[in-house]
J.: 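One structure, pasted below without further comment.
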Amino acid sequence: MPHHALEITLTRPLSPAALHQAARKLPLAANHDATRLMALVPAKTPHRAARRLRHQLETQLPIDVITTHYPDADHKVLLNVAFPPAVRGALAAGARREGLSPERLVELAVHRALAEHADQEIDRLDHAVRQLLAHTTPAFLLSAVGHALIRLPESPTP
């Protein structure tokens, strides 16, 4: 059976004792402030692995979101969120109105939000570059950007 690398984002940091207790059920690796955990979960599919992980640990950990750590062949990451009953009901009603499954409705909403964020970021950067170009030449600006990128310890991921 394949193992799936899953990342758990927590709603708050864990104490060392809480992490130790949870790790007794399933081996976990924590980041520096214990707000994100990694686990390898055996299951036939990533969906089953995320469900199994949530079922095993939801009573012990303040789980916010579980995601697959690696994108699938379609470059997608599984997002496992446990909504409260009222939210699940509202999603189901909205999905029925749109003729979609609740999962597809959420997927489309996330895609729209990410596209809007990308557009806003492009507009923000365009404005910032135009402001800089008002006081220098394109050649100097390009040179300065190159130097800044070389000096970055770690580039942010899109």
J.: Looking at Leu26 and Leu40, what are the two nearest heavy atoms and their distance?
T.: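 Looking at all heavy atoms of both residues, the closest pair is CD1-O, 4.2 Å.
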J.: In terms of hydrophobic clustering (I, L, V, M, F, W, Y; side-chain heavy atoms under 4.5 Å; direct or indirect links), are Ile63 and Leu79 co-clustered?
T.: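 No, no single cluster joins them.
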J.: Would you say the side-chain atoms of Asn31 pair up with the backbone N or O of Arg36, donor to acceptor, closer than 3.5 Å?
T.: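 Flag set: sc Asn31 to bb Arg36 pair under 3.5 Å.
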J.: Quick check: do His55 and Arg51 have side-chain heavy atoms less than 4.5 Å from each other?
T.: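 Side-chain contact under 4.5 Å: no.
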J.: Quick one: pull up OG1 in Thr67 and CD in Glu7 and give me the separation to the nearest 0.5 Å.
T.: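 If I round to the nearest 0.5 Å, the distance is 4.5 Å.
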J.: Using side-chain heavy atoms (C-beta onward) and a distance below 4.5 Å, is Glu116 in contact with Gln120?
T.: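 Counting from C-beta outward, Glu116 and Gln120 do come under 4.5 Å.
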J.: Within the 4.5 Å heavy-atom criterion, are His3 and Pro42 side-chain neighbours or not?
T.: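 Yes, at least one pair of side-chain atoms sits under 4.5 Å.
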J.: Would you check if Pro46 and Leu6 make a side-chain contact, meaning some heavy-atom pair closer than 4.5 Å?
T.: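 No, every pair of side-chain atoms sits at 4.5 Å or beyond.
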J.: Kindly give the heavy-atom pair with the smallest separation between Val81 and Arg54, and that separation in Å.
T.: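 Where Val81 meets Arg54 most closely, the heavy atoms are CA-NH2, 3.8 Å.
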J.: Keeping His4 on the side-chain end and Ala43 on the backbone end, is there a donor-acceptor pair under 3.5 Å?
T.: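 It does hold such a pair.
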J.: For the CZ atom on Arg52, are there more than 12 heavy atoms of other groups (residues, nucleotides or ligands in this structure) within a distance under 6.0 Å?
T.: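 Enclosed.
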J.: Flag yes if more than 12 heavy atoms outside His47 fall under 6.0 Å of its NE2 atom; otherwise flag no.
T.: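 No, not enclosed.
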J.: Give, for atom CG of Leu91 and atom CZ of Arg96, the distance between the pair rounded to the nearest 0.5 Å.
T.: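 Interatomic distance, Leu91 CG to Arg96 CZ, rounded to 0.5 Å: 11.0 Å.
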J.: Checking the side chain of Asp72 only, and the main-chain atoms of Asp74 only, is there a donor and an acceptor separated by less than 3.5 Å?
T.: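 It does hold such a pair.
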J.: For His111, I'd like to know if atom NE2 has over 12 heavy atoms of other residues, nucleotides or ligands within 6.0 Å.
T.: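 Yes, because the 6.0 Å sphere around NE2 of His111 holds more than 12 heavy atoms from other groups.
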J.: Distance check, rounded to the nearest 0.5 Å: Leu132 atom CG versus His127 atom NE2?
T.: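 NE2 of His127 is found 10.0 Å from CG of Leu132.
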J.: Working to the nearest 0.5 Å, report the span between CD of Glu98 and CG of Leu105.
T.: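 Going from CD on Glu98 over to CG on Leu105, the span is 6.5 Å.
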J.: What's the separation between atom CG in Leu10 and atom CD1 in Ile66, rounded to the nearest 0.5 Å?
T.: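 Answer rounded to 0.5 Å: 9.5 Å.
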J.: Asn80 and Ala50: which non-hydrogen atoms are nearest, and at how many Å?
T.: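 It is ND2-CB, 3.7 Å.
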J.: Can you tell if the side chain of Leu61 reaches within under 4.5 Å of the side chain of Leu37, non-hydrogen atoms only?
T.: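 Side chain of Leu61 against side chain of Leu37, heavy atoms only: contact under 4.5 Å found.
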J.: Measure the CG-CD distance between Asp126 and Gln131 for me, rounded to the nearest 0.5 Å.
T.: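 The CD atom of Gln131 is 10.5 Å from CG of Asp126, to the nearest 0.5 Å.
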J.: Search all heavy atoms of Leu19 against all heavy atoms of Ala30 and return the closest pair with its distance.
T.: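 Shortest heavy-atom contact: CD2-CB, 3.7 Å.
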J.: Which atom names give the shortest non-hydrogen contact between Ala22 and Gln60, and what distance separates them?
T.: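 Closest approach of Ala22 to Gln60: CA-OE1, 4.0 Å.
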J.: Is there a path of hydrophobic side-chain contacts, each under 4.5 Å between heavy atoms of I, L, V, M, F, W or Y residues, that connects Leu114 with Val65?
T.: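 Linked within one cluster.
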J.: Compare every heavy atom of Val77 with every heavy atom of Pro71, then report the nearest pair and how far apart it is.
T.: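 Residues Pro71 and Val77, closest heavy atoms: CA-CG2, 4.1 Å.
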J.: May I ask you to test the Leu28-Leu57 pair for a side-chain heavy-atom distance under 4.5 Å?
T.: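 Yes, at least one pair of side-chain atoms sits under 4.5 Å.
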